[in-house]
2 protein chains.
Amino acid sequence: MTVRQERKDAAEHRRKILQTAEKLFDEHGVNAVSMHQIAKTAGVGQGTLYRRYAHKGDLCLDLIQDFSREFMEQIERYLKKNENLSPQERLGAILDLWIDMIEKKAELIMTVQAHQMMEAEESRAATFFQSPLYSYVRQRMSELLAEIAASESGAQADPTLTAHALICALAPHGYFHMKQEKNYSTDQMKQNFRRLCRIPPQL
Amino acid sequence: MTVRQERKDAAEHRRKILQTAEKLFDEHGVNAVSMHQIAKTAGVGQGTLYRRYAHKGDLCLDLIQDFSREFMEQIERYLKKNENLSPQERLGAILDLWIDMIEKKAELIMTVQAHQMMEAEESRAATFFQSPLYSYVRQRMSELLAEIAASESGAQADPTLTAHALICALAPHGYFHMKQEKNYSTDQMKQNFRRLCRIPPQL
DNA sequence: AATGAAAACGGACAATTGTCCGTTTATCTC
DNA sequence: GAGATAAACGGACAATTGTCCGTTTTCATT
């Protein structure tokens with residue numbers, strides 16, 4: 001027996017929901033927009049919206065997907081093009097790109113993370129730590145960290161854990177807290193995180 | 001004109017609320033308990049509860065206070081007692097204590113942080129980054145990091161930012177994610193974070 | 001084209017969060 | 001200790017979140 005195909009209207013609804021959400025978030029800010037409002041504006045029922053997205057965080061995660069794919073390609077291109085640079089230099093470049101990304105998508109990412117924490121264990125909803133974006137960047141960072149470690153002596157920290165820690169430290173909430181408290185520019189934040197990883201100052 | 005004193009019953013209510021919340025959280029888990037339920041069980045009105053605590057995160061933050069004070073004293077004692085140890089060693093000890101604390105109070109802290117992210121800018125509610133617990137530990141960590149940096153050469157990262165990054169990386173959600181994914185024991189996590197800070201293995 | 005069943009729909013409903021305002025009560029003044 | 005007053009109360013109410021289920025729609029089968 002063949003598997004029943006996805007209904008044509010489903011894809012259409014999905015597109016409509018994402019498009020509507022993006023527009024409303026843009027106009028009023030993510031926090032000020034309710035799920036009800038999104039459903040109504042998109043012209044779908046409450047149930048339809050919630051069946052697809054367990055909550056706003058879920059929706060936000062999906063909204064980052066496109067951008068996220070682009071971002072990963074950007075990194076991929078950079079790494080391919082600069083294979084000859086030192087791993088330190090390449091890691092620094094990834095950090096810079098990641099920081100730019102965080103600044104651009106802060107609101108969406110914070111919403112994703114906030115909901116992620118609420119649910120704790122339960123839930124079928126996707127989480128940031130399971131997103132391709134997180135997996136990919138952690139993977140790339142840890143490869144570079146491993147490469148750096150190989151050229152040094154002494155007991156090394158688990159590169160995966162180190163990469164994870166970096167990503168956590170760069171989560172929007174903590175990132176902006178420090179940026180504001182110290183009144184750092186974006187560039188100063190980048191320099192600071194480079195130093196944190198013992199990367200020599202940018203050329 | 002003298003400032004009007006706080007009403008006696010207010011303190012009583014506050015105590016009752018905290019006590020009730022703690023009990024309910026213990027019995028059913030933080031997420032499963034509603035603010036309404038807390039108010040009702042404590043025998044106070046919804047308004048009374050919300051006037052004191054803007055949301056559950058706020059309440060949770062207050063619930064950590066006692067524990068938090070104790071924790072800070074513990075660190076204070078340790079540092080006083082071990083002034084002669086290397087800064088690396090002392091930093092490692094603080095990390096260990098912090099990790100124990102995170103494991104013990106994970107649910108409350110995650111609730112605090114989740115709400116903190118939801119509100120973003122607005123809000124009068126206290127946040128984790130303004131809590132004495134955070135300030136104190138960041139301060140102590142950054143002092144030790146500065147001491148370590150002084151004995152080394154090369155461009156150093158801002159110790160405050162480094163301490164902040166460590167605390168962020170040790171936030172419950174990220175901490176447990178890594179712990180579970182890698183199937184690390186608490187002790188292995190401690191060792192890993194020591195290595196992350198280039199602290200020689202524990203004696 | 002008619003039929004049947006799985007998939008999707010949507011809006012009513014339940015639960016939870018958060019606010020508001022008329023009422024109560026402790027404290028101050030005399 | 002009587003009255004004034006500002007703080008505190010509490011429960012009704014509004015808004016938001018999240019669920020449920022009877023109905024509709026699409027697709028495969030015939």
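None of the values given here were measured: they were computed from a predicted structure. Every heavy atom of this structure was used, including side-chain atoms; hydrogens, water molecules and symmetry mates were not. Protein chains get the first letters and strands the later ones, always in sequence-line order, with residue 1 at the start of each.
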**OP:** Could you tell me the separation between the CD atom of A:Gln37 and the P atom of D:dT16, rounded to a whole number of Å?
**Re:** 8 Å

Subject >> Residue that, paired with B:Met117, satisfies side chain to side chain contact (heavy atoms under 4.5 Å, CB included) out of A:Gln116, A:Gln113, A:Met118, A:His115 >> reply: A:Gln113

Subject >> Rounded interatomic separation in angstrom, taking CZ from B:Arg52 and P from C:dG18 >> reply: 17 Å

**OP:** Indicate whether the side chain of A:Gln191 and that of A:Tyr184 have a donor and an acceptor atom separated by less than 3.5 Å.
**Re:** no

Between side-chain atoms of residues 39-49 of chain A and protein atoms elsewhere (two or more places apart, or another chain), which donor-acceptor pairs fall under 3.5 Å?
| residue | atom | partner | partner atom | Å |
| --- | --- | --- | --- | --- |
| A:Thr41 | OG1 | A:Gln37 | O | 2.7 |
| A:Gln46 | OE1 | A:His36 | ND1 | 3.4 |

**OP:** Using whole Å, report how far CD1 of B:Ile17 lies from C1' of D:dA8.
**Re:** 11 Å

Subject >> A:Ile38 CD1 to C:dG10 C1', straight-line distance once rounded to whole Å >> reply: 16 Å

Subject >> B:Thr160 and B:Arg138, any side-chain heavy atoms less than 4.5 Å apart >> reply: yes

**OP:** Could you check how far NZ of A:Lys16 sits from C1' of C:dA8, rounded to whole Å?
**Re:** 17 Å

Original post:
Contacts to DNA chain C from residues 41-49 of chain A, heavy-atom cutoff under 4.0 Å, which residues?
Top reply: A:Val44, A:Gly45, A:Gln46, A:Gly47, A:Thr48

Subject >> Residues in side-chain hydrogen bond (donor to acceptor under 3.5 Å, both in side chains) contact with A:His177, at least two apart in sequence or another chain >> reply: A:Glu181

Under 3.5 Å, sequence neighbours excluded: what are the donor-acceptor pairs made by side chains of residues 143-150 of chain A?
| residue | atom | partner | partner atom | Å |
| --- | --- | --- | --- | --- |
| A:Glu143 | OE1 | A:Arg140 | NH1 | 2.9 |
| A:Glu143 | OE2 | A:Gln139 | NE2 | 2.7 |
| A:Glu143 | OE2 | A:Arg140 | NH1 | 3.1 |
| A:Glu147 | OE2 | A:Arg90 | NH2 | 2.9 |

Original post:
Picking from C:dC9, D:dC9, C:dG18, which would you name as closest to the side chain of B:His55?
Top reply: C:dG18

Subject >> Whole-Å gap separating C1' (D:dG11) and CZ (B:Arg51) >> reply: 12 Å

**OP:** For A:Glu12 and D:dT26, give me the distance from atom CD to atom P, rounded to whole Å.
**Re:** 12 Å

**OP:** Answer yes or no: is there a donor N or O on one side and an acceptor on the other, between the side chain of B:Gln88 and the main chain of B:Ile199, under 3.5 Å?
**Re:** no

Subject >> Nearest listed nucleotide, side chain of A:Tyr50, among C:dC9, D:dG10, D:dT17 >> reply: D:dT17

Original post:
So do A:Thr162 and A:Gln156 actually touch side chain to side chain, heavy atoms under 4.5 Å?
Top reply: no

**OP:** Among C:dT17, D:dC9, D:dT17, find the nucleotide with the atom closest to the side chain of B:Lys56.
**Re:** C:dT17

**OP:** Rounding to 10 degrees, work out the angle separating the end axes of the helix from C:dA1-D:dT30 to C:dC30-D:dG1 (five pairs an end).
**Re:** 10°

Scan the side chains in residues 66-75 of chain B for donor-acceptor partners under 3.5 Å anywhere in the protein, sequence neighbours excluded, and list what turns up.
| residue | atom | partner | partner atom | Å |
| --- | --- | --- | --- | --- |
| B:Asp66 | OD1 | B:Arg69 | NH1 | 3.4 |

Subject >> Between P of C:dC9 and OH of A:Tyr53, the distance in whole Å >> reply: 12 Å

Original post:
Looking at C:dG10, D:dG10, C:dT19, which one has an atom nearest to any side-chain atom of A:His13?
Top reply: C:dG10

